Amino acid sequence: PCRILVMASGFGSNFQALIDATRPPAGELQNCRIVSLVVNRKGAHAIARADAAAIPWTYRNLIGGGFVRKGEADERAVADGRRRYDAALAAQILAAPAGERPELVVLAGWMHVFSTAFLKPIEEAGVRIINIHPALPREFDGANAIERAFDEFKAGRLTRTGIMAHYVIDEVDRGEPIIVQEVPWEGEELDAFKEKMHVHEHKLIVEATAKVVREILESRTSQKPSS
Ligand code: GAR
């Protein structure tokens with residue numbers, strides 16, 4: 001199976017969608033194994049989901065893990081702290097024994113923007129990294145994307161937003177899209193609209209992961225010496 005590591009900061013409903021998809025009978029990701037979960041918030045409900053599915057998890061606190069909060073230090077100290085955190089996390093992931101080392105990292109509601117200190121060693125090791133974001137490319141980057149789109153609906157400036165899965169680069173919610181889906185606003189109130197977005201994103205994260213997994217499995221086959 002293809003080995004996947006998931007990173008989540010909160011509720012973990014996208015993580016759950018991935019877990020469910022690895023299970024028979026319907027699972028689109030039956031050829032995958034979620035080797036572990038990384039969380040950066042102690043209160044993340046994603047932890048309970050990992051426990052229920054017997055998936056090992058690790059908690060790496062941003063603050064104290066080398067990370068410095070904005071406002072507590074100058075910009076350079078913040079950037080240094082981020083880099084230390086990112087480098088340590090990449091090293092931890094890549095130190096896993098061969099059979100446990102992930103081939104794909106999926107950011108499922110991971111509220112931390114990785115710097116090249118994380119991305120470079122991960123990419124050099126041939127590990128792919130993707131993210132799900134509840135907005136269309138180049139719109140509503142960052143946190144609370146659904147709420148910000150909703151404000152635009154209410155102001156009469158927009159009638160649709162969307163969801164995308166994309167490869168991760170060192171800019172928040174940017175990078176080559178894998179799947180993009182528009183979601184129309186049909187006059188719902190915020191809670192109902194959020195719910196609709198989540199239903200769509202749970203499908204989209206599974207589809208995008210399955211697409212990247214197919215590529216990984218194909219490249220594995222083509223790397224094997226023919227005999
Ligand atoms: C999801 O809506 C995800 O798309 C979003 O965080 C939420 C996490 O929900 N991600 C971002 O905003 C990334 N910038 P979950 O914890 O229930 O999966």
Side-chain angles (χ1 to χ4, degrees), residues 4-22 28-29 34 36-53 55 57-60 62 70 82 86 89 104-115 118-119 129-153 160-185 188-212:
I4 299 175
L5 179 143
V6 179
M7 297 193 176
S9 302
F11 188 54
S13 66
N14 283 282
F15 172 46
Q16 188 68 53
L18 293 169
I19 294 173
D20 294 345
T22 61
E28 255 190 273
L29 296 174
I34 301 177
S36 60
L37 168 77
V38 177
V39 297
N40 57 2
R41 285 190 192 143
K42 224 178 225 156
H45 182 60
I47 294 173
R49 300 179 189 273
D51 283 339
I55 293 168
W57 55 270
T58 52
Y59 163 62
R60 283 200 79 104
L62 283 174
K70 272 206 165 70
R82 280 181 169 244
D86 288 5
L89 187 51
L104 172 63
V105 173
V106 181
L107 306 185
W110 174 254
M111 306 317 257
H112 166 64
V113 183
F114 278 130
S115 66
F118 180 84
L119 297 173
I129 168 161
I130 69 173
N131 179 45
I132 177 111
H133 182 61
L136 295 172
R138 305 195 158 269
E139 293 185 6
F140 308 110
D141 300 328
N144 305 318
I146 303 175
E147 287 83 349
R148 286 184 287 142
F150 189 79
D151 289 345
E152 294 299 300
F153 303 157
R160 59 96 189 102
T161 180
I163 301 159
M164 68 170 156
H166 63 96
Y167 285 103
V168 175
I169 60 171
D170 63 343
E171 287 172 64
V172 64
D173 301 318
R174 296 282 169 99
E176 187 200 329
I178 301 161
I179 301 182
V180 177
Q181 183 189 354
E182 267 193 29
V183 179
W185 177 58
E188 305 92 334
E189 283 311 318
L190 180 59
D191 282 351
F193 185 70
K194 272 186 174 171
E195 184 53 37
K196 179 164 97 177
M197 288 286 283
H198 291 315
V199 169
H200 284 301
E201 75 174 344
H202 297 157
K203 288 202 190 99
L204 194 135
I205 194 170
V206 170
E207 268 174 50
T209 302
K211 194 170 172 198
V212 176

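Note that the structure is predicted; figures quoted are calculated from it, not measured. Atoms within a ligand are numbered from 1 in the order they appear, just like the ligands themselves.
A cation-pi arrangement is present between Arg49 and Phe11 under the rule of less than 6.0 angstrom and at most 45 degrees off the ring axis.
A salt bridge links Glu139 with Arg160: at least one charged nitrogen is closer than 4.0 Å to a carboxylate oxygen.
Atoms of ligand 1 lying under 4.0 Å from at least one heavy atom of Ile132, given by number and element, are 4 (O), 10 (N), 13 (C). Atoms of ligand 1 lying under 4.0 Å from any heavy atom of His133, numbered from 1 in the order shown and given with element: 11 (C), 12 (O), 13 (C), 14 (N).
Judged by the shortest distance from any of its heavy atoms, His198 lies inside the 4.0 Å radius around the atoms of ligand 1. Residue contacts with ligand 1: Pro134 is included, with a non-hydrogen atom under 4.0 Å away. The closest approach between any non-hydrogen atom of Gln16 and ligand 1 is not below 4.0 Å.
Any N or O atom pair closer than 3.5 Å counts here, and Gly12 shares at least one such pair with ligand 1. Every N/O-N/O distance between Asn131 and ligand 1 stays at or above 3.5 Å. Between Trp110 and ligand 1, not a single N/O pair is under 3.5 Å apart.
Atom 3 (C) of ligand 1 has as its closest protein heavy atom Glu201 OE1, 3.6 Å. Scanning all protein heavy atoms for the shortest distance to atom 9 (O) of ligand 1 gives Asn14 ND2, 3.9 Å. With respect to atom 7 (C) of ligand 1, the closest heavy atom belonging to the protein is Gly109 CA, 4.3 Å.
A heavy-atom distance below 4.5 Å is not found between the side chains of Ile146 and Phe140. Side chains of Phe15 and Met7 form no contact here, defined as non-hydrogen atoms less than 4.5 Å apart.
Taking Ser13 as the reference, His202 meet the side-chain hydrogen bond (donor to acceptor under 3.5 Å, both in side chains) condition, with sequence neighbours excluded. Residues passing the side-chain hydrogen bond (donor to acceptor under 3.5 Å, both in side chains) test with Glu207, sequence neighbours excluded: none.
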Would you check, one step at a time, whether the test salt bridge (Lys or Arg N to Asp or Glu O under 4.0 Å) holds for Glu147 with Lys194? CA-CA 8 Å; Glu147 287 83 349; Lys194 272 186 174 171; 3.0 Å; yes

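Nearest to atom 17 (O) of ligand 1 by heavy atom, out of Ser13, Ala108, Gly142, is Ser13.
Crowding of Lys196 atom NZ: a count of heavy atoms from other residues, nucleotides or ligands under 6.0 Å exceeding 12.
Counted by atom type alone, Glu201 and His198 present one or more donor-acceptor pairs between their side chains at under 3.5 Å.
At a heavy-atom cutoff of 4.0 Å, ligand 1 is contacted by no atom of Met197, backbone or side chain.
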